[in-house]
There are 2 protein chains.
Amino acid sequence: MRDNNEMPGHLARRFQQIAVAVFLAEVEEAGFDLTPVQYAALAAIKTNPGIDQVTLAGLIAYDRTTITGVVDRLVQKGLLVRNPSSRDRRARELQITEAGKRTLRGITPAVEAAQRTMLRGLTEKEGADLMRLLRKAIAAGNELSRAPLREAELR
Amino acid sequence: MRDNNEMPGHLARRFQQIAVAVFLAEVEEAGFDLTPVQYAALAAIKTNPGIDQVTLAGLIAYDRTTITGVVDRLVQKGLLVRNPSSRDRRARELQITEAGKRTLRGITPAVEAAQRTMLRGLTEKEGADLMRLLRKAIAAGNELSRAPLREAELR
DNA sequence: GAATATTGCTCAGTATGCTGATTATCAGTA
DNA sequence: TACTGATAATCAGCATACTGAGCAATATTC
């Protein structure tokens, strides 16, 4: 049997595990209570006001059934509002609130610090290489997961 | 705000997401029903018969509270047995069953295929580079997660 | 325009992964 | 030996992720 350290799947799990722990630690230290997933959703909604949940899920590669709970919790925290769409009564339009914008602004330095901490064992060039290789592997495997990344479409 | 593609945390999540999907697809196609986490636990127990749950968790970097459920499900499937330790009545000794060994043998080609599929967008050298950089980043961040990798100790 | 297919969202169920607490046991020491 | 601290396992609770199903609404096709 191959050693775990030779298994990309194992390494993927470990790196993600560390990345989440680092994110949560930096964010908590900055006085915020937001998960990586919640942060990505909030940032995407700020950039795309009025986006519906399916499009949001595609933008950040979340499963459509996961996004429901994530949005629930962001609404619960008062960082988002979720309103029925006027154009399509099936859809919900997501808008960031003022509190959401304040949270995003305040949390950004901690998020940036977390990204650096995740790569702290690597040189600048190694970090860039790692990201480049991850992007390439992800692009090739995008369609293999149930929640592939999707470009936003104009409506 | 930095683009998601420049965030190691986002890339880590995406790569892990694809890795799990690929693993499950290859394993199901081979006629087995085992998650990546269950596979790693089963393989580690085969290599270390009689291991206790905390040591197992350290070997594969699982949280101690997660391992309980994973072992539960492997026992449920008849691939493991969990017996009280004679040396330490707090601990449980884990042993792989014959069915567990058969499953491991049968599933190995699918697991190997999955590892290749995860890297299918990369050249041989790029895949090796990616694994090397992940190992280095993980080594530097090992202690940052609640479930760091731990060497097994002789008892 | 009616039948059909598709889409947006939600839900129930399952599996990680974590925080923090509890229980039983063990190990070291006063 | 009694006390203290540490340890193995489990539990309750919460947050991703996924499968598969269902409902309501929209889009397509005949």
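None of these values were measured; they are calculated from a predicted model. Each chain gets a letter, A, B and so on, in the order its sequence line appears, and its residues count up from 1.
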Grab the [atom1]-[atom2] distance between [X] and [N] for me, whole Å please.
X: R90(B); N: dA8(D); atom1: CZ; atom2: P; result: 6 Å
X: D33(A); N: dC14(D); atom1: CG; atom2: C1'; result: 11 Å
X: L42(A); N: dT16(D); atom1: CG; atom2: C1'; result: 17 Å
X: F15(B); N: dA17(D); atom1: CZ; atom2: P; result: 16 Å
X: D88(B); N: dG28(C); atom1: CG; atom2: P; result: 12 Å
X: L80(B); N: dA9(D); atom1: CG; atom2: C1'; result: 16 Å
X: F23(A); N: dG17(C); atom1: CZ; atom2: P; result: 19 Å
X: L34(B); N: dT14(C); atom1: CG; atom2: C1'; result: 15 Å

Below 3.5 Å between N/O atoms, which protein atoms pair up with nucleotides 20-22 of chain C? Just atom names and distances, please.
| residue | atom | partner | partner atom | Å |
| --- | --- | --- | --- | --- |
| dA21(C) | N6 | R64(B) | NH2 | 3.3 |

5'-most by nearest nucleotide on DNA chain C - I67(A) or Y62(B):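 Nearest-nucleotide comparison on DNA chain C picks I67(A).
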
Residue mapping more 5' on DNA chain C - nearest nucleotide basis, A91(A) or R13(A):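 Looking at the nearest nucleotide for each, A91(A) comes out on the 5' side.
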
Are any side-chain N or O atoms of [X] and backbone N or O atoms of [Y], one a donor and one an acceptor, separated by less than 3.5 Å?
X: R135(B); Y: N5(A); value: yes
X: K136(B); Y: E126(A); value: no
X: S145(A); Y: A21(B); value: no
X: R92(A); Y: Q53(A); value: no
X: Q17(B); Y: A61(A); value: yes
X: R2(B); Y: M7(B); value: no

Ion pair check, R116(B) and E124(B), cut-off under 4.0 Å: no

Tell me whether the OP1 or OP2 atom of [N] has a side-chain N or O from [X] closer than 4.0 Å.
X: R82(A); N: dT10(C); value: yes
X: R92(A); N: dT10(C); value: yes
X: Q16(B); N: dT16(D); value: no
X: R73(A); N: dT16(D); value: yes
X: Q17(B); N: dT16(D); value: no
X: Q53(A); N: dT7(C); value: no

Donor/acceptor link under 3.5 angstrom from R89(B) side chain onto base of dT25(C):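 Not at all, since no donor on one side and acceptor on the other fall under 3.5 Å apart.
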
Contact class for [X] vs. all strands (heavy atom < 4.0 Å): base, sugar-phosphate, or nothing?
X: T35(B); value: sugar-phosphate
X: V20(A); value: nothing
X: A21(B); value: nothing

Rounded distance [0.5 Å steps], OG1 in T47(B) versus CG in L104(B): 8.5 Å

For F23(B) against T35(B), the heavy-atom pair lying closest together: CE2-C, 3.6 Å

Result of checking T103(B), I96(B), L94(B), L79(B) against L74(B) for side-chain contact (heavy atoms from CB on, under 4.5 Å): L79(B)

Pairing annotation in dot-bracket form, given for DNA chain D with Watson-Crick or G-U pairs under 3.5 Å and | for cross-strand partners: ||||||||||||||||||||||||||||||

